[in-house]
Amino acid sequence: MDNRPLSGLDTREHEVTSFLSLIETLGNAAQMLFGRVYQSLGNKQKQAKGSNQASVPPEADPAAVLRAANRELSARVKASETLAARLKAVFAS
């Protein structure tokens, strides 16, 4: 490895790359978490329907709320990945 000090641009590029990597990691973790929660609620909802319990109105359905939150988080993750790709392209040129 080269032991020379990083220039200002190299340091800034490294900071931005590290930050974007952190955002991507957090986004992936959030997506995985909400995916698991959504899947768990879906399984519970199927079991509840199978045991002939009263149906829950859509506005009070926790699974519907989580689906909406999951869609929003997925959109945010996609937007941050797009931003990361754009910034990598800028730094590559």
Side-chain angles (χ1 to χ4, degrees):
M1 181 170 172
D2 192 6
N3 289 330
R4 66 183 168 96
L6 295 173
S7 70
L9 181 58
D10 290 341
T11 302
R12 184 69 176 159
E13 182 179 345
H14 178 69
E15 290 173 356
V16 170
T17 303
S18 297
F19 180 70
L20 291 174
S21 176
L22 177 64
I23 289 174
E24 184 175 1
T25 301
L26 290 174
N28 289 337
Q31 185 177 17
M32 186 183 310
L33 172 70
F34 279 97
R36 288 181 181 173
V37 170
Y38 171 73
Q39 183 180 13
S40 174
L41 286 175
N43 290 341
K44 288 180 182 178
Q45 189 176 15
K46 286 179 186 176
Q47 289 175 353
K49 285 183 179 180
S51 63
N52 293 329
Q53 292 181 354
S55 63
V56 178
E59 58 274 352
D61 184 14
V65 172
L66 284 174
R67 279 193 298 274
N70 191 26
R71 279 192 300 271
E72 181 181 341
L73 282 173
S74 295
R76 287 183 182 181
V77 167
K78 189 172 184 176
S80 67
E81 288 173 347
T82 302
L83 177 61
R86 287 180 180 167
L87 286 173
K88 285 180 183 179
V90 167
F91 285 122
S93 58

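Computed from heavy atoms alone, side chains included, the values below leave out hydrogens, waters and symmetry copies. We're numbering straight along the sequence, starting at 1.
One distance of note links CZ of F91 with CG of D10; it measures 10.0 Å at 0.5 Å rounding. Considering CD of Q31 and NZ of K78, their distance stands at 11.0 Å, rounded to 0.5 Å. Summarising the geometry, atom CG belonging to L41 is positioned 11.0 Å from atom CG belonging to N70; distances are rounded to the nearest 0.5 Å. To the nearest 0.5 Å, atoms CZ (F19) and CD (E24) are separated by 12.5 Å. In this structure, the separation between CD on E81 and NZ on K88 is 9.5 Å, given to the nearest 0.5 Å. Atom CG of L87 and atom CD of E13 lie 10.0 Å apart (nearest 0.5 Å).
Residues V16 and L20 are in side-chain contact: their nearest non-hydrogen atoms beyond the backbone lie under 4.5 Å apart. A heavy-atom distance below 4.5 Å is not found between the side chains of M32 and N28.
By the rule that hydrophobic residues join a cluster once side-chain heavy atoms approach within less than 4.5 Å of another member, L73 and L33 end up as members of one cluster.
A salt bridge links E15 to R12: at least one charged side-chain nitrogen sits closer than 4.0 Å to a carboxylate oxygen.
In plain terms, the two heavy atoms of Y38 and A63 that are nearest each other are CD1-O, 4.4 Å.
With S18 contributing its side chain and H14 its backbone, the two residues share a donor-acceptor pair below 3.5 Å.
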